[in-house]
Amino acid sequence: MSSDFEAYEQEFGTLTAEITNKVGRIPKLSGEEKTQLVLNVDKQLEEVRELLEQMDLEVREVPVQSRAMYSTRLKSYKQEMEKLEKDFKRSRIAYSDEVRNELLGDDGGSSETQRAHLLDNTEKLERSSRRLEAGYQIAVETGRHYGDEGREREV
C-alpha cells in the first residue's frame, strides 16, 4: 500500500509543480495562449482532485498504527490543493482585470505589480509554513509510532 501512496505523492508533486509554474505565467500572457493555459490548468487541477481521492482511499486501507502518519500527509496535500485553487482563481481574476483594462484603456501601473509581488511572496511564505507544520506533524507521528514500538519490545 505505501508504495502506491508514495507513487501518488510523486505524481502529486509533479502535477502541483507544473500547475504552480503555469499559474504564475497566466497573468503575463494574453489572448489565445492565456486562454489555453487557463483551460490546461483547470484540467490539471481536476487530475489532482482525482489523485487526492485515490490517496484518500489508500489511507483507508493502511493498518491503524500507520494511518495517522498517512492521514497527516494527505491533509497537508489537501491544504496545498486548496492553496493552488486560490492561486489559480487569483490569476484568473488578474486575467479578467487585465482584459477589462485592455478594453477600457486603463493602465494598472506599478502599484498593481507591487501588490501582486507582495501577495505572491506572502503566499509562498504561507505555503512554506504549512509544509513545515506538516513535516513537524509527520515527525511527531513517526516519533510516537516508533516510541510505542520501543515500549512494546521492552515489555
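Between Lys83 and Glu126, every side-chain heavy-atom pair lies at or beyond the 4.5 Å cut-off. For the pair Gln10 and Glu6, the minimum side-chain heavy-atom distance is 4.5 Å or more. Looking at heavy atoms from C-beta onward, Arg67 lies out of side-chain contact with Tyr70 at the 4.5 angstrom threshold. Between Leu52 and Met55 the shortest side-chain heavy-atom distance falls below 4.5 Å. Here the side chains of Asp56 and Leu74 are in contact, with some heavy-atom distance below 4.5 Å. You'll find the side chain of Ile19 stays beyond 4.5 Å of the side chain of Lys22, heavy atoms only.
A distance of 13.0 Å separates CD in Glu133 from OG in Ser128, rounded to the nearest 0.5 Å. Note that the NZ atom of Lys124 and the CG atom of Asp87 stand 10.5 Å from one another [nearest 0.5 Å]. Between the OG atom of Ser91 and the NZ atom of Lys34 there is a distance of 8.5 Å, given to the nearest 0.5 Å. Considering CD of Gln44 and CD of Glu47, their distance stands at 6.0 Å, rounded to 0.5 Å.
Taking 4.0 Å as the cut-off between side-chain N and carboxylate O, Arg131 and Glu80 count as a salt-bridged pair. With salt bridges taken as basic N to acidic carboxylate O contacts below 4.0 Å, one links Arg49 and Glu85.
Of all heavy-atom pairs spanning Leu37 and Ile26, the tightest one is CD2-CG1, 3.8 Å. The two atoms that bring Val38 and Phe88 nearest to each other are O-CZ, 3.5 Å, heavy atoms only.
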Take Leu84 and Thr16 through the side chain to side chain contact (heavy atoms under 4.5 Å, CB included) test and state the conclusion after the steps.
CA-CA 8 Å; Leu84 278 174; Thr16 56; 3.3 Å; yes

Apply the test side chain to side chain contact (heavy atoms under 4.5 Å, CB included) to residues Glu58 and Val62: give CA-CA distance (whole Å), side-chain angles for both, the deciding distance (0.1 Å), then the verdict.
CA-CA 7 Å; Glu58 289 294 324; Val62 173; 5.7 Å; no

Would you sort out whether Arg25 and Val41 count as a side chain to side chain contact (heavy atoms under 4.5 Å, CB included), showing the intermediate values?
CA-CA 11 Å; Arg25 290 179 25 220; Val41 168; over 6 Å; no

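Within 6.0 Å of atom CD in Glu33, 12 or fewer heavy atoms from other residues, nucleotides or ligands are found, so the atom counts as exposed in its surroundings.
When each of Leu45, Leu51, Thr20 is tested with Leu15 by the rule side chain to side chain contact (heavy atoms under 4.5 Å, CB included), just one qualifies, namely Leu51.
Between Tyr77 and Phe5, the ring planes are tilted. Angles from 30° to 60° get that label.
Of the possible donor and acceptor atoms, none in the side chain of Ser76 sits under 3.5 Å from a partner among the backbone N and O of Thr72.
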